[in-house]
Amino acid sequence: MKTKLRKVLKVMLPVLLVVLMFNINVSAAPRGQASIGKKNYTTVEKALAAVKNGQTIKINKDITLKKPLYFKKNAKYTFDMNKHKFKSTLGRNETVGGFDVQAGNVTFMNGTASTSLFVHEKATVTVKSGTYEQVTNWGKTTIQNGKIQHKKYSAICNYKGKLVINNVTARANYNCVYANAGTVTINGGNYKSINSKTSYPLIFSEKATIYLKGGKYTATNGPAVYNEHGKIVISKGSYGGNIGMNRGLICNCNSMTIKGGTFVNSDESALFCGPNSNTVVSGGKFTVKNGHAIDVVYNKKKLLINGGTFEAYTVVLCESDDRNIIMDRKKVKLIGFTGGIAIH
């Protein structure tokens, strides 16, 4: 009897071990689209409805969005894509994003989203890492790191509120950063057009205030920076490339202050001061080997140059006359045979 029992156990034990291992693996594997701690949720929507302060929603698989994900919870939490991808079948919508953050304080990280991240007025968002098609801000957004690339339109948009960019790789067919209104501060990053034939500026202010405190801006067929009706302050950064048929690498048509940065252009001017422009240059290095550092139209409001280093044919080339142009030669450094102010 004992011999038979031993034979049965000898056969059954390996089978039981296999069954137990299978059950352990199945129970350990995520069963839904998302998890919060040890709890799994069949859909991301259910996880978004359940999340609480301090928690992290972790995505368990690649997901195709057929409708927007709404982030409505008034809580502070993290949305970890966990190296997964969000694909989207959604068309373009200027008021709703694939990731539509309507409230709360949400940190996004660690994945790829082929859709827009839309931040509404009452929401706060931090982009810690990841790849996104577009980020649109109406509230408060900080981009710490990541890649934002839009093959058709602008990559980063600010319509209201406060946007801070610490580091990002931005590529776009239109503007890398389009600022309609509000305040935008750029501390660093790499900005370049995805289309070498487009003439859109990399950084564009319609009515916004933009502080450029760092970053690399490589123009391919248009200006690196264009200020239409807003205010721009440049204190640092590297600006260069090919501006095509445009008159300046940096274009100002309203209010601009340049305190620092390096501006390199081969033929046309490094800075263009357009109609009704008010421009102050107190620092920065301007290099234009086959042209003039600053090109000024006749109906500008003011151009004050009380600092900076210039290597070009002349510091300023102005239309008709040099009215409203002041240059303090004692505070300006001229390299080589660079002249002062020329009129044509």
Side-chain angles (χ1 to χ4, degrees), residues 158 175 177-186 199-213 217 219 222-237 239 243-263 265 267-288 291-310 312-334 338-344:
N158 198 79
N175 312 117
V177 178
Y178 167 76
N180 176 271
T183 302
V184 177
T185 301
I186 301 178
S199 59
Y200 287 93
L202 300 177
I203 310 298
F204 179 76
S205 173
E206 190 166 337
K207 295 174 290 184
T209 297
I210 299 179
Y211 298 96
L212 297 173
K213 299 182 178 182
Y217 307 83
V225 179
Y226 194 104
N227 180 33
E228 190 171 64
H229 302 297
K231 174 185 175 182
I232 294 181
V233 179
I234 303 175
S235 55
K236 202 174 180 180
Y239 308 81
I243 64 170
M245 300 300 293
N246 293 277
R247 291 184 68 173
L249 181 67
I250 310 295
C251 296
N252 179 38
C253 295
N254 196 49
S255 175
M256 181 177 288
T257 299
I258 299 178
K259 300 178 180 180
T262 58
F263 310 88
N265 199 11
D267 297 315
E268 297 295 333
S269 62
L271 171 62
F272 171 68
C273 301
N276 302 311
S277 60
N278 191 326
T279 311
V280 177
V281 178
S282 60
K285 184 176 181 180
F286 300 79
T287 303
V288 183
H292 306 271
I294 304 174
D295 186 5
V296 186
V297 297
Y298 72 94
N299 54 342
K300 72 284 179 186
K301 284 186 177 179
K302 181 182 77 171
L303 171 61
L304 172 62
I305 306 169
N306 56 9
T309 300
F310 300 86
Y313 289 165
T314 63
V315 175
V316 179
L317 177 66
C318 49
E319 293 181 355
S320 301
D321 58 65
D322 59 356
R323 286 182 300 176
N324 303 324
I325 298 176
I326 301 172
M327 183 172 72
D328 189 339
R329 289 179 177 269
K330 294 180 180 180
K331 295 181 180 180
V332 173
K333 183 178 180 180
L334 306 182
T338 303
I341 299 175
I343 301 172
H344 75 96

All heavy atoms of Ser205 vs all of Lys231, minimum pair found to be OG-N, 4.3 Å
Tyr226: partners by ring pair (Phe, Tyr, Trp, His ring centres under 6.0 Å), with sequence neighbours left out: Phe204
Strictly distance-based, threshold 3.5 Å: is any side-chain N or O of Asn175 a donor or acceptor partner for the main-chain N or O of Pro201? yes
With sequence neighbours excluded, tell me which residues meet side chain to side chain contact (heavy atoms under 4.5 Å, CB included) with Ser282. Lys259, Asn306
Taking ring pair (Phe, Tyr, Trp, His ring centres under 6.0 Å) as the test, write out the residues that go with Tyr211, two or more places apart. none
How far does CG of Asn324 sit from CG of Asn278, to the nearest 0.5 angstrom? 9.5 Å
For Thr287, the side-chain hydrogen bond (donor to acceptor under 3.5 Å, both in side chains) test, sequence neighbours excluded, returns none
Locate the shortest heavy-atom distance separating Gly284 from Phe263; write the atom from each residue and the value. CA-CE1, 4.4 Å
Can you give me the closest heavy-atom contact between Gly340 and Arg329, atom names plus distance? CA-NH2, 3.6 Å
Restricting to side-chain hydrogen bond (donor to acceptor under 3.5 Å, both in side chains), what partner residues turn up for Ser269, sequence neighbours left out? none
Between Asn158 (side chain only) and Ala179 (backbone N and O only), is there a donor and an acceptor less than 3.5 Å apart? no
Could you work out, with side-chain hydrogen bond (donor to acceptor under 3.5 Å, both in side chains) as the rule, every residue matching Asn252, not counting sequence neighbours? Asn227, Thr279
Return the set of residues passing salt bridge (Lys or Arg N to Asp or Glu O under 4.0 Å) with Lys300 (not counting sequence neighbours), or none when no residue passes. Asp321
Smallest separation among heavy atoms of Ala219 and Ala224, with atom names: CB-N, 4.2 Å
With sequence neighbours excluded, residues passing side chain to side chain contact (heavy atoms under 4.5 Å, CB included) with Asn180: Tyr159, Tyr178, Glu206, Lys207
Roughly how far, to the nearest 0.5 Å, is the NE2 atom of His229 from the CG atom of Asn254? 7.5 Å
Across all chains, not counting sequence neighbours, the side chain to side chain contact (heavy atoms under 4.5 Å, CB included) partners of Val316 are Ile294, Val296, Leu303, Ile305, Cys318, Ile325, Ile341
Looking at side-chain heavy atoms only, is the closest gap between Phe286 and Thr338 below 4.5 Å? no
Evaluate the side-chain proximity of Asn246 to Glu268: yes if any heavy-atom separation is below 4.5 Å, no if none is. no
Going from CD1 on Ile203 to CD1 on Ile232, what distance comes out if it is rounded to the nearest 0.5 angstrom? 8.5 Å
Considering all heavy atoms, the nearest Thr314-Ala342 contact: CG2-CB, 3.9 Å
Can you list the residues that meet the ring pair (Phe, Tyr, Trp, His ring centres under 6.0 Å) rule with Phe272, with sequence neighbours excluded? none
Arg247 meets the side-chain hydrogen bond (donor to acceptor under 3.5 Å, both in side chains) criterion, sequence neighbours left out, with Asp295, Glu319
Can a donor-acceptor pair be found, under 3.5 Å and without considering hydrogens, that links the side chain of Asp328 to the backbone of Lys330? yes
Of all heavy-atom pairs linking Met256 and Cys251, the shortest is CE-O, 3.9 Å
